[in-house]
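To start, the structure itself, in structure tokens.
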Amino acid sequence: MNALYIFNISIFAVFFTLFTIEVGIALQILLGNNKIAEMIRYITPIWEITGTFAVFFVMNFIATFPSAIAIIGTAYVAPLLIAALFFIFRNAFLAYGIYYKGSSSRVYLKVYGLATLITGFLVISVLSSAISGFGINLGTDSINLFTLFVNPFFLIILVSVIFISLMLNSVIFHTDKEPVYFLIGIIGIIMALLDMHYYLNYAFINLLQGVPLLLLVIIVFPVRMASAIKRSAISMIVPFVWMFLIIILFSYATYPYWFGKEINATSYLSLTATGTYVSYITIIGGALLTIALIYFVYISYFKSKKAYS
């Protein structure tokens, strides 16, 4: 697997892991979960980090795959711009919900939850299309919005992500009915695997052949559950690691193809000296950003948690 490709996917995996957790929180807010206050304490130091990694991924993607922008930037411009608009709504109404102390704060948080879900719907639709090829015409670099939003591959992936996000959310925050959410998460994983087997058979075969990484994910999964049962501090961290590994594993399985094996993504990698230097800069910048954000989370969540306990 190409090193630049791995780095770009790793940035995306961080973003999508954080965003998946937020999707679960958004659902719980709309459902009126009684641990919303605890979830808001989590979001407060994290919400800008998610946005930072989203921007960082886009910039690195442009540097890593400059010639692919002509296709992706043209075909997916409409859903991505709408997603960006709802992402802004998400940020604004989350801030209103956190800092406004009146009775309207719950309404603001519900708007945040709805905006987050709509953003997730649009982002996942684009990602699933880029993977499967549903909804895009590569000959004209155009999309059919109906096919983009209403195709079996996307809808199954969407439900799978929702189920998995609820499971991770339940483990992190120890919500009510945790065994039920765990079962829902397992169903989501099985649905995603069957979806891959039927629509991306080559990826499913690659998944089975990726034994070392597959074993690592399988090992981390029961460890995550064991830590959740014991209510240890690690139960807050392991779900993030597990989801990160799941995304890396899925990326390994689909490598190096886009659009249902129609395009070899490595042919779009930057091969110029400028592209290489930009990649080095993003690698160094990414490392510094990761260190800074980890420390930010530590002082904002774990340190403050100790101070108030």
Side-chain angles (χ1 to χ4, degrees), residues 11-62 72-73 76-128 145 148-149 158 161-162 164-166 168-169 172-173 175 240 243 285-286 289-290 292-302 304-305:
I11 299 172
F12 171 76
V14 173
F15 158 71
F16 200 73
T17 296
L18 295 174
F19 189 68
T20 300
I21 303 300
E22 277 207 48
V23 168
I25 292 174
L27 286 166
Q28 295 289 4
I29 287 174
L30 293 176
L31 292 172
N33 189 282
N34 59 0
K35 288 202 172 184
I36 290 177
E38 184 177 344
M39 295 177 189
I40 295 303
R41 281 191 62 244
Y42 158 82
I43 295 176
T44 303
I46 293 292
W47 66 292
E48 290 192 73
I49 295 177
T50 306
T52 300
F53 268 96
V55 173
F56 190 48
F57 166 71
V58 171
M59 297 304 296
N60 183 262
F61 184 89
I62 294 172
I72 295 174
Y76 296 120
V77 62
L80 288 177
L81 284 177
I82 297 172
L85 180 62
F86 277 99
F87 198 76
I88 293 172
F89 285 159
R90 158 216 181 249
N91 293 347
F93 281 93
L94 177 60
Y96 299 156
I98 290 175
Y99 297 110
Y100 185 77
K101 302 304 180 183
S103 59
S104 298
S105 63
R106 286 187 173 272
V107 176
Y108 294 147
L109 288 175
K110 287 186 180 296
V111 175
Y112 152 77
L114 184 60
T116 300
L117 292 181
I118 295 174
T119 303
F121 176 87
L122 293 167
V123 169
I124 296 170
S125 70
V126 170
L127 291 173
S128 66
L145 289 177
L148 181 72
F149 297 140
L158 178 66
V161 171
I162 289 173
I164 292 171
S165 69
L166 285 171
L168 297 179
N169 180 270
I172 293 172
F173 300 106
T175 61
F240 291 89
M243 188 64 192
L289 176 63
T290 302
L293 292 179
I294 288 174
Y295 183 68
F296 176 65
V297 172
Y298 170 74
I299 61 175
S300 299
Y301 184 82
F302 293 101
S304 63
K305 188 175 181 180

Mind listing the closest non-hydrogen atom pair of [X] and [Y] along with its distance?
{"X": "Ala83", "Y": "Val123", "answer": "CB-CG2, 4.3 Å"}
{"X": "Leu145", "Y": "Pro79", "answer": "CD2-CD, 4.5 Å"}
{"X": "Gly113", "Y": "Ala26", "answer": "O-CB, 3.5 Å"}
{"X": "Asn169", "Y": "Gly24", "answer": "ND2-C, 3.7 Å"}
{"X": "Ala115", "Y": "Thr119", "answer": "O-OG1, 2.8 Å"}

Checklist entry - Going through the distances and angles, do Phe240 and Ile172 end up as a side chain to side chain contact (heavy atoms under 4.5 Å, CB included)? => result CA-CA 9 Å; Phe240 291 89; Ile172 293 172; 3.6 Å; yes
Supply the atom-to-atom distance [X] [atom1] to [Y] [atom2], rounded to the nearest 0.5 angstrom.
{"X": "Phe87", "Y": "Leu81", "atom1": "CZ", "atom2": "CG", "result": "14.5 Å"}
{"X": "Leu31", "Y": "Lys110", "atom1": "CG", "atom2": "NZ", "result": "8.0 Å"}
{"X": "Thr116", "Y": "Leu94", "atom1": "OG1", "atom2": "CG", "result": "7.5 Å"}
{"X": "Ile11", "Y": "Asn60", "atom1": "CD1", "atom2": "CG", "result": "3.5 Å"}

Do [X] and [Y] come close enough that some side-chain heavy atom pair is under 4.5 Å?
{"X": "Ile25", "Y": "Ile29", "value": "yes"}
{"X": "Leu117", "Y": "Leu30", "value": "yes"}
{"X": "Gln28", "Y": "Leu166", "value": "yes"}

Next on the checklist: With side chain to side chain contact (heavy atoms under 4.5 Å, CB included) as the criterion, how do Leu148 and Tyr76 come out once you've worked through the C-alpha distance, each side chain's angles and the decisive distance to 0.1 Å?
Outcome noted: CA-CA 10 Å; Leu148 181 72; Tyr76 296 120; 4.2 Å; yes
Item to check | Phe19 and Phe16 aromatic ring geometry - parallel, tilted or perpendicular at 30°/60° bounds | outcome: tilted
Checklist entry - Parallel under 30°, tilted from 30 to 60°, perpendicular over 60°: which one fits the rings of Phe86 and Phe89? => result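 Rings of Phe86 and Phe89: perpendicular, as their planes differ by over 60°.
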Checklist entry - What residues form a side chain to side chain donor-acceptor pair (under 3.5 Å) with Thr50, not counting sequence neighbours? => result Glu22
Checklist entry - Can you check side chain to side chain contact (heavy atoms under 4.5 Å, CB included) on Phe15 and Val55, steps first, answer last? => result CA-CA 9 Å; Phe15 158 71; Val55 173; over 6 Å; no
Item to check | Phe149/Phe121 aromatic ring centres below 6.0 Å | outcome: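 Aromatic pair counts; centres sit under 6.0 Å.
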Checklist entry - Partners of Ile88 by side-chain contact (heavy atoms from CB on, under 4.5 Å), sequence neighbours excluded? => result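 With neighbours one apart ignored, the set is empty.
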Next on the checklist: Does atom CZ (Phe61) have a neighbourhood of more than 12 heavy atoms from anything else shown, all under 6.0 Å?
Outcome noted: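 Yes.
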